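Below is one structure, written out as structure tokens; the observations come after it.
Bear in mind the structure is a predicted one, so any value in this text is a computation, not a measurement.
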Amino acid sequence: MVSNDSRTSRAGTSPASGSAGPSWHTLSAVDTAAALRTDPSVGLTTAAAESRQLEHGPNVLAEAQKKPAWKKVLRLLAGKMTILLVVAAAVSASVSREWETPVVILAVIILNTVLNYVQERRADSSLAALRKMTVDTSRVRRDGGEQEISNSELVPGDIVLLDAGDSVPADGRLIEAVRLQVAEAALTGESQPVDKTTQMLTDADLVLADRTNMLFTSTDVSRGRAVMVATATGMDTEIGGIASLLGGAGTEKTLLQRRIDQLAGMLTIVALVVVAIVFILGLSRGQTWSDLLITAVSLSVATIPEGLTAVVAFTLSMGASRLARRGAIIKQLSAVETLGSTTHIATDKTGTLTLNEMTVRQLLVAGRSFRITGNGYSTDGKILSSDGAPPPAMTDTFLSMALCNDASVKDGELVGDPTEGALVVLAEKGGIDVEGARKEHPRVAEIPFDSDYKFMATFHRQNFTAGDTTPARFRCFAKGAPGVLMERADSVLTDTGIRPLDDAERQRIHEEVQALAGEGLRTLVIAGRRLDSDLPQDPDELRLTADRLTVYAVVGIVDPPRPEAAAAIATAREAGIEVHMITGDHLVTASAIAAGLGIRGEAAAGTDLDRLDDAQLTRRVSGYGVLARVAPEHKIRVVKALQAGGNVVAMTGDGVNDAPALKQADIGIAMGITGTDVSKGAARMILTDDNFATIVIAVEVGRGVYANIIKFVKFQLTTAWGFVLIFLTAGVLGLAGGAPFTALQILWVNIIMDGPPALALGVDPAEPDIMKQKPRPLGEPLLTRDRLLRILGLGTVMAAGTIAVLMLAPALFPESSANPALPTTLAFTTFVFYQVFNLLNVRSDSGSVFSRQTFTNRSIWVSLIAVIVLQIMVVNLDVLQGLFDTTAMSSAQWGLALLVGSTVMWAEEIRKTIVRRRDRRPSAPAPTGPGRQS
């Protein structure tokens, strides 16, 4: 919390300037608006807003200053491996007096720096694009009407309208407040939401937490609605004052990146030990210090995986960009890797599994049932009676639907709540001109819907008509949960008029409601009454007048399942992921919809969970397919119970009350369309389409991203291990003077590893069966036993083949005696071909190279062709032969290099065949909850 004293430098300006000051809470709402030169009922004009935008700047907090390109380049050049290469170039130039080696080493330095810089730029650009996609907006009054604008466009004097679930976009003085509570923990540390009022305060020195007529940036509206006039924006806000005192914070590395760093550190030590052994063996054979130093440094660069971290960052950022294009915005890169470990998805129903296009299917009036045709928000459709008789006059019923309603439907487009939209459509199907009725019967008071009392009521001045047998000053119309309104009702509309609501009638309506719910329909009661007395001004007293109601009708509303939801649930189950529907809807309704979607498991209500202690819930929670009538505390209990069972949990939510569960979940997923600012702030992923199928797509992408990183790890470490074995064997046996490859040849292979293949593997599409595999354990090490054995085995194949070619070349090709560079050139080319075939190997753990999947990544083939063409140039062009100590080879020699280099592919094909046969055998079911390790 920032005290007044800490703000004196900014707060001492006059109120009219628009700066945040200590006196706003001591002014009345009228005086505040006057000081800011704005009319609360009209708002600012566009011209005034643009002028103030120029004066105050955008409503954003200042970001950490971006590093210029030259500083980024210097940081890359200051890397340990780059310094080693510079040392090697300097030693080579000073000792050997030759220019070729130092020039090529410097070229390698430039190439590596450019590749790393490009990867960083692409990663930064991807994340910047994601940030632009998550632009927050606010509702304001401007030019006499309501507009939705970007938060960055807010200026002092703007009239801002806020509802429950919104984040406050600027500091402001309250003008209107209806049952308003605001969570201010982010600013003041107050754990409980604070009640807010419009009353003027007298103490100018109140701390922020006690300024109950003020709202502050980055706090959240947890209940009610409000209208405020913005008093400060951007860095002039209270949170801006805190931000100005803080330095830029670095970006935290993900768990995977930290593991990569640890692996790189361990392998660096191993590589340096091997280099030391090679160095000692070389000295024992009489090699010069200068040659050994250059070879040792080059070998260390080739065997130390210095490119892993950059490749991981690049692959994660590209995965985040790929997800954004599929409708899932990732707020933290770590979420990409966690997605691949998801074992349970706890999802809301409305709008996620369903279309959120509510449609009335059944209407029960006066003991008669009517079927409604038509879908969504189109008014095409009919009201059909089940008994063949024409529908009775239902003016009060349809008028209540039209007036006790804040939604509007125009040309099939809904503005407002989906359930209210369904009632508007039905009222128009029943012959009501909704817009005309609202003008004819203006609303004079209202009881807004609240989850505490589960109904809404509106009050309208009644126009006396000659035919009205029960004239009244006001009409009250209400809609809400059947159980709630039935308790407030004392009469019912029948085919013979309004009659008292006796026990038999209550039982009949109750049975009708249960029958509709059993069909998967959401039920609402439509009711009303006439009032002659004055309407009370106090909200609590007004709510008491919504009593002694007449029940007009019961409606059954359906929210059709998304067509793709059932298929997505089936895909998730095949991937080893269980789906749980967690909803506030009725148990019977939720169970019917879940059954249609293929969600397995028991169904329970929130009250059932209350009877279980935490240990019992942990044992049973995985078996629940549907949890209905749940409260926010139930959601977080369910998430914790699943996690306690060793699961990785993805949780969806859209409301303020969902925020704790979203934060608790391993992957909190907010709805981009219906989600509140609070839920989006708590989540790690945002769905731009509110579609459950997008979650399953995101899991698939997350698995693919992790798989691509593992591919590169295997590819690079196999090559590094091959290098180690080759040089150790050559050193022990004294082959090629203990150094089968020159320093430049070593560096050339290093370029092949860290260059095009790294980028190509980073964008490799997921394997077709990736969603048929079980979730990856979250605590799984990068080098599992199987991966390590494969790396060691394939690296041994590479080393054995290369050494065999080096030893047998003189016997196979007699011309080697006159051309001593031929055996080393042949071995060098063989090792390069090993990299070509191994790049194809690592793309799948079990899939054959001889499949359609091999041809799905054009980048892979471009990089392979580039490597082969460049290798041909290195071997055959005179200018490059001198640099790389190579010599031209015959077609037979090229064929031998190709044949031996392919042995790594044949060895892996044999292993994959064995694995596929093994996997086809029946196996015992895997234990649940593999994703979390203690």
Side-chain angles (χ1 to χ4, degrees), residues 360 362-372 382-405 423-424 426-434 436-438 440-441 447 455-516 523-533 535 544-556:
V360 177
Q362 294 287 335
L363 174 64
L364 306 178
V365 179
R368 296 179 60 189
S369 174
F370 300 89
R371 182 170 63 88
I372 315 300
K382 297 180 180 179
I383 302 174
L384 305 177
S385 62
S386 58
D387 55 10
M394 294 185 279
T395 303
D396 283 349
T397 301
F398 293 135
L399 198 60
S400 180
M401 295 179 186
L403 298 183
C404 184
N405 201 314
L423 296 178
V424 167
L426 180 56
E428 294 200 354
K429 289 178 181 178
I432 297 291
D433 176 4
V434 173
R438 290 175 178 176
E440 182 71 18
H441 306 283
I447 303 171
F455 77 92
M456 172 185 179
T458 58
F459 299 84
H460 306 262
R461 194 173 301 280
Q462 175 67 46
N463 297 323
F464 291 104
T465 59
D468 194 340
T469 58
T470 54
R473 295 178 60 194
F474 300 99
R475 292 289 301 274
C476 168
F477 295 110
K479 68 175 187 294
V484 172
L485 288 192
M486 289 298 293
E487 290 181 358
R488 291 175 171 267
D490 64 359
S491 60
V492 61
L493 178 66
T494 69
D495 53 359
T496 58
I498 296 176
R499 296 287 183 267
L501 187 61
D502 56 25
D503 291 341
E505 195 68 21
R506 287 181 184 274
Q507 181 63 28
R508 181 185 66 79
I509 295 174
H510 174 73
E511 291 174 355
E512 289 176 341
V513 168
Q514 291 299 108
L516 292 178
T523 55
L524 286 178
V525 163
I526 309 299
R529 68 170 295 191
R530 289 170 166 78
L531 294 166
D532 276 322
S533 59
L535 298 178
L544 294 176
T545 63
D547 204 5
R548 299 171 60 193
L549 299 172
T550 297
V551 175
Y552 295 147
V554 177
V555 295

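- The closest side-chain heavy-atom distance from L363 to M394 is below 4.5 Å.
- In this structure, R529 contributes its side chain and T545 its backbone to a donor-acceptor pair below 3.5 Å.
- Residues R368 and D495 form no side-chain contact, since every pair of their non-hydrogen atoms from C-beta on lies 4.5 Å or further apart.
- The two residues H441 and R461 have their closest heavy-atom pair at ND1-O, 4.3 Å.
- Looking at D503 and Q507, their side chains never come closer than 4.5 Å, going by heavy atoms from C-beta outward.
- For the pair V513/L364, no side-chain contact is recorded, criterion being any heavy-atom separation below 4.5 Å from C-beta on.
- Using a 4.0 Å cut-off between charged nitrogen and carboxylate oxygen, E505 and R508 count as a salt-bridge pair.
- Taking the side chain to side chain contact (heavy atoms under 4.5 Å, CB included) definition, one finds that T496 meets it with T494, R499, sequence neighbours left out.
- Side-chain atoms of V360 and K429, non-hydrogen and from C-beta on, never get closer than 4.5 Å to each other.
- Counting only heavy atoms from C-beta outward, the side chains of I372 and Q362 never approach each other to under 4.5 Å.
- In terms of heavy atoms, A437 sits closest to I432 at CB-CG2, 4.2 Å.
- No donor-acceptor pair closer than 3.5 Å links the side chain of K479 to the backbone N or O of L524.
- The shortest distance between side-chain heavy atoms of V434 and N405 does not fall below 4.5 Å.
- Heavy atoms only, all atoms of each residue included: F398 and G430 are closest at CE1-CA, 3.6 Å.
- The minimum heavy-atom distance linking L535 with L531 is given by the pair CD2-CD1, 3.9 Å.
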Throw together a table of side-chain donor-acceptor distances under 3.5 angstrom for residues 481-493, partners on residues two or more places apart or in other chains.
unit_1 : atom_1 : unit_2 : atom_2 : d
R488   : NH1    : R543   : O      : 3.2
R488   : NH1    : A546   : O      : 2.9
S491   : OG     : T550   : OG1    : 2.6

